[in-house]
2 protein chains.
Amino acid sequence: MDLQVQNLRYGGAMTRALTRKGAATRARIVAGAAAEIRERGVDEVRLEDVMAHTGTSKGQLFHYFPDGKEELLLAVAQHEADQVLTDQEPMLSNLTSWPAWQAWRDRLIERYLAQGVKCPLNGLLGQTGRRAPGAQAIVTGLMWRWQEAIAVGIRHMQSAGDIAPDVDADRASAALLAGIQGGVLLLLSTGRIDHLEAALDLTIDSLRAGGDSPSRA
Amino acid sequence: MDLQVQNLRYGGAMTRALTRKGAATRARIVAGAAAEIRERGVDEVRLEDVMAHTGTSKGQLFHYFPDGKEELLLAVAQHEADQVLTDQEPMLSNLTSWPAWQAWRDRLIERYLAQGVKCPLNGLLGQTGRRAPGAQAIVTGLMWRWQEAIAVGIRHMQSAGDIAPDVDADRASAALLAGIQGGVLLLLSTGRIDHLEAALDLTIDSLRAGGDSPSRA
DNA sequence: CCAAAAATGGACCTGCAAGTCCAAAACCTG
DNA sequence: CAGGTTTTGGACTTGCAGGTCCATTTTTGG
């Protein structure tokens, strides 16, 4: 029945019977839409733009995304969310020494500096987030994975004696992630990278110094 | 010529000749639109919704906002931006002791906890931000005022000897603001207030402890 | 009380972008 | 190659939200 089938499941229903060619087209649409959205913002992108940019027709769009724009945006969101973490590798998974933390920090700065004002997820959160219930889940999942990766790094440093053992890794990683997100947000709105730098450096320095003074429960 | 006139200027052109009644109607539209947007999100709100919610007609909308939706959204953004800082008073302008910082922190938590998922500015930034050039300026201005208020608080604490003098107030306030923004963003996407709490508490604690170890230039 | 200006109501227009439909081509399997 | 399935192209429909327009009412200063 199914020959070269690639089941790509997202929300509830699964897509079936995708030919190799079909899968390629589908991927091309997602990638093209993602690029277009990064460039112009979510609500500035019409389906027609995606068609033009990817060399596809309306029939194809609705063939691969029967629920239309919403489903496409969901796929794009997933695509972009995965990209965010991938872009931080292998640093993010190797926070095992202070130079390694520094390298990760540098990668983040470099990446967002290059990206500039084009943040796909902020837009997708704001706009897809309310419409599609699934987009919320995608972003939440990304944040959770991100924070957990940081927490793993902190715990590793603790086990090596480089971070005080009384630091709450979960709270510290939550704070650091918040600083990153806010830094990116401020980069988006003000165009300056200062906040991201300051948040990263000060929070990491605080971990280095003595970390979480448990003055609060 | 002009009797009871209230000139409300925003971007370039100024609105002229506003009767008392007119000003009231205009204010009612802005407030109603803001409420509607907070409730449903920017792109879910149609002009018709605003009309229904404020008891106005299309003629009125375009009478007070000749440039249509864009101009209205700009006015709403300004309205909401002002509100953000107002909601933090008088705490934000009185960061003169550690209990005062704590009170400010508590107010922030309380406020955003109550507000929950309804963040007007995030949506307005994402959607109006790209369209209208002015919206970007509004948000930037808000962030700048916010950060400056925090910096003033830090400097005050330094002059009182409660924060180490080698702390860079600008960098520290930038980091704290980033933590707040990220915390709110994460509240929006995950529904949990943990990140905001962690960012606030850890950053303030770090200021309390010894602050900015100037290991980096 | 009058004339000018502002405020209001609501019918109407218009463009556009999402979504529908179907017929033709390409493709796979046996 | 035959028959079914997937893929593709593009014309057509549709709904709707933003914006225009003007006629009517209200307000205002003198």
Side-chain angles (χ1 to χ4, degrees), chain A residues 1-8 14-30 32-33 36-37 40-76 127-128 131-132, chain B residues 1-8 14-30 32-33 36-37 40-76 127-128 131-132:
Chain A
M1 271 299 169
D2 39 357
L3 18 145
Q4 298 123 324
V5 173
Q6 291 187 323
N7 277 357
L8 306 177
M14 67 181 87
T15 44
R16 288 187 303 142
L18 264 201
T19 297
R20 184 180 302 171
K21 191 181 177 187
T25 304
R26 203 199 119 106
R28 184 160 39 99
I29 292 175
V30 172
E36 202 80 357
I37 286 173
R40 303 233 253 270
V42 180
D43 50 16
E44 303 300 323
V45 170
R46 330 273 160 223
L47 289 187
E48 194 185 346
D49 300 328
V50 176
M51 287 160 47
H53 195 267
T54 61
T56 47
S57 68
K58 200 155 255 186
Q60 287 166 289
L61 274 192
F62 282 87
H63 180 65
Y64 296 106
F65 305 94
D67 285 344
K69 197 177 191 182
E70 186 170 317
E71 192 179 352
L72 173 60
L73 288 182
L74 222 60
V76 170
Q127 290 161 42
T128 322
R131 296 178 195 167
Chain B
M1 270 299 168
D2 37 359
L3 19 144
Q4 298 124 326
V5 172
Q6 294 187 320
N7 276 358
L8 308 176
M14 68 180 84
T15 44
R16 287 187 303 143
L18 264 201
T19 295
R20 183 180 301 173
K21 191 182 179 188
T25 303
R26 203 198 119 105
R28 184 159 41 100
I29 292 175
V30 172
E36 202 81 355
I37 286 174
R40 302 232 254 271
V42 181
D43 50 16
E44 303 301 322
V45 171
R46 329 274 162 224
L47 289 188
E48 196 187 343
D49 300 327
V50 175
M51 287 159 49
H53 195 266
T54 60
T56 47
S57 68
K58 200 156 256 185
Q60 288 166 289
L61 274 193
F62 283 87
H63 180 64
Y64 295 106
F65 304 94
D67 285 343
K69 199 177 190 182
E70 186 171 316
E71 192 179 352
L72 173 60
L73 288 182
L74 222 61
V76 170
Q127 289 160 41
T128 322
R131 296 177 196 167

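Residue numbers start from 1 in every chain, and the chains themselves are labelled A, B, ... in the order their sequence lines are given, proteins ahead of strands.
Taking atom NZ of Lys21(A) as the reference point, atom P of dA25(C) lies 13 Å away to the nearest angstrom. Between Phe62(B) atom CZ and dC13(C) atom C1' the separation is 13 Å, expressed in whole Å. One interatomic measurement links the two molecules: NZ of Lys69(B) to P of dA17(D), which rounds to 9 Å at whole-angstrom precision. Lys58(A) places its NZ atom 12 Å from the P atom of dA11(D), with the value rounded to the nearest Å. When the C1' atom of dA18(C) is taken as reference, atom CG of Asp43(A) falls 15 Å away, rounded to whole Å. Note: CZ (Arg20(B)) to C1' (dT27(D)) measures 12 Å, nearest angstrom. Taking atom CG of residue Leu73(A) and atom P of nucleotide dA18(C), one finds them 10 Å apart after rounding to whole Å. Leu18(A) has its CG atom 16 Å from the P atom of dT5(D), to the nearest Å.
For the atom pair CG of Leu72(B) and CZ of Arg26(B), the computed distance is 8.5 Å after rounding to the nearest 0.5 Å. We find the OG1-OH distance between Thr56(A) and Tyr64(A) to be 10.0 Å, quoted to the nearest 0.5 Å. Rounded to the nearest 0.5 angstrom, Phe62(B) CZ and Gln60(B) CD are separated by 12.5 Å. Rounding to the nearest 0.5 angstrom, the gap separating the CG atom in Leu73(A) from the CG atom in Asp67(A) is 12.0 Å. Taken to the nearest 0.5 Å, the CD1 atom of Ile37(B) stands 11.5 Å off from the NE2 atom of His53(B).
The nucleotide whose nearest atom lies closest to any side-chain atom of Glu48(B) is, among dT8(D), dT20(C), dA17(D), dA17(D). Checking dT6(D), dT28(D), dA18(C) against every side-chain atom of Leu47(A), the shortest atom distance belongs to dA18(C).
A sub-4.0 Å separation between OP1 or OP2 of dT8(C) and a side-chain N or O of Tyr64(B) is present. Proximity of Thr25(B) to the phosphate of dA7(C): no side-chain N or O atom is located under 4.0 Å from OP1 or OP2. Look at Gln60(A) and you won't find any side-chain N or O under 4.0 angstrom from OP1 or OP2 of dT7(D). Regarding contacts with the backbone of dC27(C), every side-chain N or O of Thr19(A) stays at 4.0 angstrom or more from both OP1 and OP2.
If you find the closest nucleotide of DNA chain D to Thr56(A) and to Arg46(B), the one lying nearer the 5' end belongs to Thr56(A).
Using a 4.0 Å heavy-atom criterion, one finds that Gly22(B) contacts the sugar-phosphate atoms exclusively. Among the protein residues, Gly59(A) comes within range of the nucleic acid bases, having at least one heavy atom under 4.0 Å from a base atom.
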